[in-house]
Each structure stands twice: as structure tokens, then as C-alpha cells.
Amino acid sequence: MGILIDDKKMRVHLYTDNTSYVIETLQGELIHSYWGKRIELPEHSPLVPIEECPSFYPNPNVEDKTYSLDVIPREYPDFGRSDYRSPGYRVEVSDGTKITDFVVQSFLKSEGKPDIPGLPSTYVQEGDRVHTLQVTLKDAKTNLELNLFYCVNETYDVITRHAVFKNEGNEKVILEHALSASVDFYNDKNFDLIHFNGSWARERFFERMPIGRSKHVIESKRGSSGHHENPMVMLARPKTDDLQGEVYSMNFVYSGNFTSVVEVNSYDSTRFQMGINDFDFEWNLKPGESFYTPEVVMVYSDEGFNGMSHIYHQLFRERLCRGTFRDQERPILINNWEATYFSFTQEKLEAIGKAANEIGIELFVLDDGWFGKRDSDKSGLGDWFVNTSKLQNGLGGVADYMNQEKMQFGLWFEPEMVSPDSDLYREHPDWCLHAKGHTRTEGRNQLILDFSREDVQDHIIQVVGNILRSHSISYVKWDMNRNMTESYSALLQPEHQSETTHRYILGLYRVMEALTTEFKDVLFESCSGGGGRYDAGMLYYMPQTWASDDTDAYERQFIHYGTSFAYPSITMCSHISMSPNHQTNRVTSLKTRGFMSMMVNLGYELDLSVLSEVDRAQVKRQVAYYKSIRQDIQFGRFYRILSPFEGDRSGFLVESKDQKRYYFFYFTALNRPNRLSVTVPLTYLSEGNYQVESISFGDDNNGTGEDGQASKADIYITPKTTDLEGAVLPSRFLNHFGYTFNQLQSDFEGQLIVFTKV
Ligand code: DGJ
């Protein structure tokens with residue numbers, strides 16, 4: 001059923017097996033009564049006590065001095081009529097005022113889930129139990145209609161929200177602010193706010209703080225979701241951790257400016273919101289037009305952060321990502337970026353490709369530098385024709401060579417950008433975002449093409465399409481290496497200029513829809529200087545993301561930990577690169593680098609043609625081993641066990657779909673002398689007895705050095721057991737007492753322990 005409408009009480013109960021969400025009405029207003037663990041509704045309505053409002057709380061209903069919008073829990077709060085908290089929307093009408101007074105007209109229930117025109121959203125497949133509630137509200141003065149959509153996905157245990165404003169009047173209105181979701185927790189501020197902060201090469205670092213009585217804004221104003229914050233925000237009970245406790249989260253299916261507000265008022269009620277940032281945003285809504293806000297995916301779990309993450313992982317993997325590759329194992333790739341940067345020749349690429357093929361790598365990716373005049377980041381973007389001084393035989397030459405070597409060929413693009421030193425810019429100086437008469441601020445020596453323009457979108461669809469059509473290319477890395485400034489368009493009238501950033505995102509989605517639809521068999525990976533646009537909007541078009549330009553194995557544990565809260569591991573790409581590492585100069589073993597990348601979507605980014613024999617043999621074993629476990633890793637269930645943010649070690653467990661194999665990835669930071677061994681409870685192993693193996697590829701003291709073979713030596717458990725060769729341990733023991741790791745032998749060590757049910 002999923003949605004119960006009680007017309008008499010004007011109350012709606014949205015529910016899945018585990019979650020309830022209750023909307024009621026009070027004096028024509030929509031109120032938010034409950035979101036959390038599944039409940040049976042009591043008779044009385046509204047669910048929340050509506051108390052007499054205290055002094056200094058104005059009353060919009062002159063007949064009722066006890067009633068103020070400032071103290072009632074609201075579902076989509078307006079502006080200027082006594083609610084002083086953060087509004088859900090704001091509309092300027094023709095007389096310059098911003099007051100609307102929407103009154104509930106109807107609750108309508110339907111099966112399935114509507115698409116949101118021009119925007120990505122989670123979808124439904126036959127057999128899914130999904131229902132939609134449409135709440136229609138009207139403002140008599142402006143003739144604006146507001147439709148709030150709630151899609152209850154019982155199969156995946158999520159509720160999604162978006163709003164649609166329709167101008168049914170005769171005059172234009174200006175939408176100044178239009179969030180997708182707002183929820184008030186009545187008299188409840190017992191939350192920690194968790195968000196994912198960062199910067200380039202340091203994306204999605206876990207941040208947690210008590211909310212207190214204050215207002216927090218997590219946002220991006222950069223024109224893309226960005227490195228600095230991620231559009232996924234959580235409110236959790238103070239004792240909640242990965243393993244247990246309650247958490248409420250909102251995840252925005254959008255790739256541009258966003259805001260998430262958490263605001264606690266003086267009466268301890270908490271407002272939690274998500275939507276497009278109103279920073280430099282406006283939308284002119286002419287008579288007859290509609291504006292659609294993007295989708296917010298709301299997940300409640302009382303099974304800790306892991307419980308919440310599993311819901312997102314499954315939903316995003318199966319009902320957000322689309323296309324040929326959704327259910328396919330992803331190829332192991334070699335990308336030449338860190339091996340060569342801009343200086344490569346056909347011969348060099350062939351040497352790397354040859355070595356990669358011998359090692360068993362499946363896809364060769366040619367990164368930046370293959371086109372135009374592109375010997376550094378100072379020129380060439382926009383000129384998407386091959387640089388024949390580097391590649392004498394053209395792109396076809398490299399592609400054919402790789403294909404001959406039985407490898408797929410992939411190509412890097414940065415389609416949204418233009419270098420001032422490029423033919424494209426010389427020909428179309430107006431095609432970039434800019435404000436007339438002002439300096440065009442550059443980032444990485446480049447400007448941003450104005451994707452709000454249809455002619456620019458069409459040009460990109462055409463040039464990228466032509467290249468994909470004329471070569472054997474099976475993968476595209478779609479990069480984006482700066483954030484927006486002067487976000488205005490030469491084509492738009494003055495009153496439409498503040499629409500540019502949202503129009504840009506709509507344009508980007510149009511381009512990606514066209515290309516990914518035509519090139520169904522091309523695997524698209526999104527990238528923005530690493531993980532600067534790692535969001536659910538991009539995943540709808542491109543089912544994997546380059547998680548970070550930081551390829552250092554120690555740093556990556558933080559990035560993987562943070563990213564995994566919202567995004568499934570199959571979408572997260574991680575490459576084994578050179579040591580010392582190019583971003584941190586840190587030395588880590590090939591083994592540690594290997595395990596860090598194998599827990600997600602494995603690739604390489606080093607010069608394979610110059611590897612020592614020993615390293616080459618080890619890489620070969622890594623590749624063979626990853627192929628043997630990739631189905632389990634990419635489609636299994638990912639658990640965070642130990643947080644690198646809470647100590648000097650981290651642990652991640654992957655459970656195979658059939659719950660027969662468990663992969664525990666364990667990493668330590670600095671070694672110390674004279675330490676005791678540590679025991680890690682594994683908590684999640686399904687009932688049974690397990691054979692335990694420590695995996696090695698040959699560079700550690702435990703290794704056998706045999707191809708893809710695991711070493712069973714050096715396993716310690718509690719209570720002290722000296723010889724566990726072939727040991728079989730019951731899950732009850734491992735889950736409760738844990739698995740004990742002996743003192744590691746050096747800094748930055750990684751281990752992979754595999755538990756196989758016997
Ligand atoms: C940034 C990406 O994240 C890198 O992997 C690489 O593709 C460079 N851009 C190329 O300019």
C-alpha cells in the first residue's frame with residue numbers, strides 16, 4: 001500500500017516496512033508530523049501537540065491568537081507570514097511582494113513514480129513497489145499552483161521528494177528560492193549533523209558536530225556540487241555509529257549549487273532542508289509555465305550508518321545508474337595520466353598498453369593531451385581533433401594498437417571547457433560564461449563553456465559524438481576542472497541572467513542524455529578534478545566516478561570511508577599509482593596500494609612499461625585475483641567497520657551477494673614498537689563456520705609468491721591460538737570476539753583477510 005490517505009483527518013501516512021512519514025493539515029496549512037521508525041498511527045490528529053504560542057510569535061489567523069507558523073512543524077514552509085525560520089521557497093509577485101498563502105486542495109495517490117522533466121531521478125522497474133502522493137496547494141492571490149511529490153519506494157525503503165510550481169495566473173512571478181524537501185522535527189534537537197567536507201584531493205571527509213541551538217548551512221556556490229561539500233547530509237542521534245543507531249539523511253540528485261540547512265529554534269525544533277541553492281538563483285515563471293525542483297532521496301535507518309548506506313548503495317546501483325553497464329562487472333583499466341602527464345608519444349602509449357595487456361588489464365585510457373595544441377594545461381581545450389604531432393597515426397592508430405592487443409580503448413574529454421588559447425575560443429569568444437565588460441576569471445587557465453546555450457550543447461553533442469562514432473572507443477572519462485565564476489550568459493536577457501547556473505546544469509544533463517543514449521555501449525566515467533562532482537545526478541548518466549586525484553593509499557582510506565556513506569563501491573574508481581606518491585610523496589607498498597583500490601573499482605595509473613620484474617609479477621597477481629573476486633566486490637554489500645577518522649587504522653568489510661564470502665580490508669597508519677595485537681569484531685558475518693585466509697601477492701613476509709594464491713600463515717585469533725593453518729572459525733566467535741591482527745611490520749600496511757563459509 002505505502003500511502004494511506006485519511007480524508008476526514010486530512011492526514012497522510014507514507015510508509016515502507018521500516019519507515020513512516022506523516023503529513024497532516026492544520027488551518028489549511030500542511031504540517032509535518034513524523035518521520036522515523038515505522039509506527040501505527042494513533043486516533044488523535046494532529047500527532048504533534050499544538051501548543052499556545054508564546055509572546056512575540058505573530059498570528060497569521062487573527063481569529064486565533066494561539067497559532068503561529070513559527071512554532072508549528074511544517075512541510076514546505078513559506079516566507080513572511082510568521083515563520084522566521086529558513087523558508088522552503090520564496091516567490092516575488094508582480095507587485096514586488098513575496099507573500100504567498102498556499103492552501104491544501106487535495107491529496108492524490110497513484111502507482112509508480114513520475115519522471116522529472118529534464119532532470120535525473122531514481123526510477124522504477126516492473127515489480128518494484130512504488131507509489132506516489134501528489135499534494136496540490138493553491139495560492140488564490142497569484143494563482144500559483146504548488147504540487148509536492150512524495151514517492152514511497154517500499155522495495156528500497158526510501159522516500160523521495162520534489163516540488164513543482166505552476167503559474168496558472170496571468171502575470172509573471174519570480175521564483176527566488178525553491179527547495180526540494182523540508183522537514184521539521186518537533187521538539188527534537190537530539191542530533192549530530194554529519195556532512196562531507198573537503199577540497200581538491202581531499203574529498204568527502206567525514207565531519208560530525210552536535211547541532212545545538214543554531215543554524216548550519218552545508219552548501220555549494222561553485223556551480224557544481226563540488227569538492228568542498230557533498231549534497232548528502234545526515235542527522236544522527238549522538239550515539240549512532242556505523243554499527244547501530246538512528247540516522248536521517250537527504251541526498252540530492254543534482255550536480256549544481258545546492259544548500260542543506262539544519263536550523264534549531266528556541267523551542268528545540270529542528271528544521272532539515274535540501275535543494276537548489278538560492279545563491280545567485282532566480283527563475284522567471286511566465287503564465288502557463290512550470291518549474292521542477294530536482295529530487296531529494298530521503299533515507300531513515302535505525303541500523304546505524306551502515307544500514308543507511310546499504311539502502312543508498314542498492315538504490316543507486318540498481319535504480320539510479322542505468323544502461324548497459326549497470327549490472328556488468330567493470331573493466332580493470334590503465335590510465336596514462338600519472339605515467340606521462342602531457343608528454344607522451346605513440347610509442348610510449350604502446351609500451352604501456354603492451355605491458356598492460358601482458359598483465360591482464362582490460363582497458364587502456366588515454367587521458368588529457370591527445371587533442372589540439374595541448375602540451376600543458378595552458379591551451380587546447382575545445383579543439384577536439386587529434387594532435388598529430390604526438391599521435392602521428394591519429395586516434396585510430398592508438399585505438400587499433402590497443403584493440404590488436406585485445407584491450408579496449410578509452411578516451412578523456414573535458415567537454416564543458418574552453419582554453420582562451422584555442423581555435424574554438426577565437427571563433428566563439430561569446431560561448432563561455434562571462435559578464436560583459438568584466439574580466440573573465442580563469443581557473444587552470446581555462447574558461448567554462450556556456451552550457452545554458454542550446455547551440456553550445458549541440459556543438460558538444462556533435463563533436464564528441466563524431467569522435468565516438470569514428471573510432472573504436474568503449475570508455476569515456478568526462479572531466480571538469482574548474483568551478484564557475486561570472487555565471488552569466490551572452491544569450492540571456494537581463495531578467496534571466498540569474499537562471500544561468502541552473503540552465504547550465506539542465507544543458508549538461510541534455511548533452512549527457514543525448515550522448516549516453518546514442519553510445520549505449522560506451523562506459524562513461526565522470527570526473528571533476530577527481531571527485532569534485534561526485535553526486536547522484538551524475539551517476540544517473542555515468543555509472544562510475546573518479547573518486548579523487550589523490551591516489552595515495554593512506555589518504556584514500558579517508559576518501560573511501562566518506563564516499564561510501566552515500567555511494568556504492570561499484571561507482572567508486574581507485575587506481576594504483578607510483579610510489580612515492582605524486583600527491584603526497586609518501587611511500588607505500590604495492591600490496592597496500594593494491595588492497596586500497598581492490599575494495600572498490602580497481603584500475604592502474606603508473607608506467608607499467610618500466611616496472612621491475614618483481615613488481616610486474618605482483619601486479620599480474622593482483623589483476624588475476626581482482627578478476628576472481630570482482631563480482632563479489634562490485635555487487636556485494638560494503639560495510640565500514642573501523643573509521644580512519646577515529647584512530648590510526650581503518651577496516652572495511654565486503655559481503656558477497658550469496659553471503660558466503662567476506663573480504664575484510666584492514667589498514668594501519670604509523671607503526672609503533674612493542675604493541676599488542678588488536679582484535680576487530682566483524683559483526684556482520686552470516687551464521688556459519690568460516691575458513692580464514694590472509695591474501696598476499698608476494699611482497700610481504702607471509703606471501704607464498706604463487707599466482708593468485710592466498711597465504712594462510714600468520715593468522716592470530718583470540719584467545720591465543722598459534723597455528724590456524726586451515727582453521728575453521730564460527731561466525732558467532734568472529735562477530736563477537738573478532739579477528740585478531742598481529743602487530744604489523746611497517747607503516748601504512750594493508751591486509752586482506754577472506755572468510756569463506758565452509
Ligand atoms: C583531472 C583529473 O582528475 C585527472 O585524473 C586528469 O584526468 C587530469 N584532470 C587531466 O587534466
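None of the values given here were measured: they were computed from a predicted structure. Note that ligands are numbered from 1 as they come in the structure, with each ligand's atoms numbered from 1 the same way. For this chain, numbers begin at 1 and follow the sequence in order.
Per-residue contacts place Asn481 under 4.0 angstrom from the following atoms of ligand 1 (heavy atoms of the residue considered): 1 (C), 9 (N). Below 4.0 Å from some heavy atom of Cys527 lie the following atoms of ligand 1, by number and element: 2 (C), 3 (O). Close approach of ligand 1 to Gly530 is summarised as follows: ligand atoms under 4.0 Å from at least one heavy atom of the residue are 3 (O). Below 4.0 Å from some heavy atom of Lys477 lie the following atoms of ligand 1, by number and element: 4 (C), 5 (O), 6 (C), 7 (O).
Note: Phe645 and Tyr561 meet the aromatic proximity criterion, with ring centroids under 6.0 Å apart.
Ser487 places no side-chain N or O within donor-acceptor distance of the main-chain N or O of Met484, the cut-off being under 3.5 Å.
Residue Arg453 forms a side-chain contact (heavy atoms from CB on, under 4.5 Å) with just one option from Asp430, Asp458, Thr500, and that option is Asp430.
For ligand 1, the polar-atom distance check against Trp546 finds a nitrogen or oxygen pair separated by under 3.5 Å.
At the top of the distance list for atom 9 (N) of ligand 1, counting protein heavy atoms only, stands Asp479 OD2, 2.7 Å. Nearest protein heavy-atom contact of atom 6 (C) of ligand 1 is Asp367 OD1, 3.3 Å. Of all protein heavy atoms, the one closest to atom 11 (O) of ligand 1 is Asp368 OD2, 2.6 Å. The protein atom (non-hydrogen) at minimum distance from atom 3 (O) of ligand 1 is Asp549 OD1, 2.4 Å.
Around the NZ atom of Lys354, the shell of radius 6.0 Å holds no more than 12 heavy atoms that belong to other residues, nucleotides or ligands.
Between Phe196 and Phe565, the ring-plane angle classifies as tilted under the 30° and 60° cut-offs.
Residues Asn387 and Ser389 have side chains that bring a donor and an acceptor to within less than 3.5 angstrom of each other.
The closest approach between His575 and ligand 1 stays at or above 4.0 Å for every heavy atom of the residue.
Contact annotation for Glu338 and ligand 1: no heavy atom of the residue comes within less than 4.0 Å of the ligand. Looking at Asn335 against ligand 1, nothing comes within 4.0 Å, counting heavy atoms.
With respect to Lys348 and Asp607, a salt bridge is recorded, a charged nitrogen being found less than 4.0 Å from a carboxylate O. Between Asp367 and Lys477 there is a salt bridge, since a side-chain N of the basic residue sits under 4.0 Å from a carboxylate O of the acidic one.
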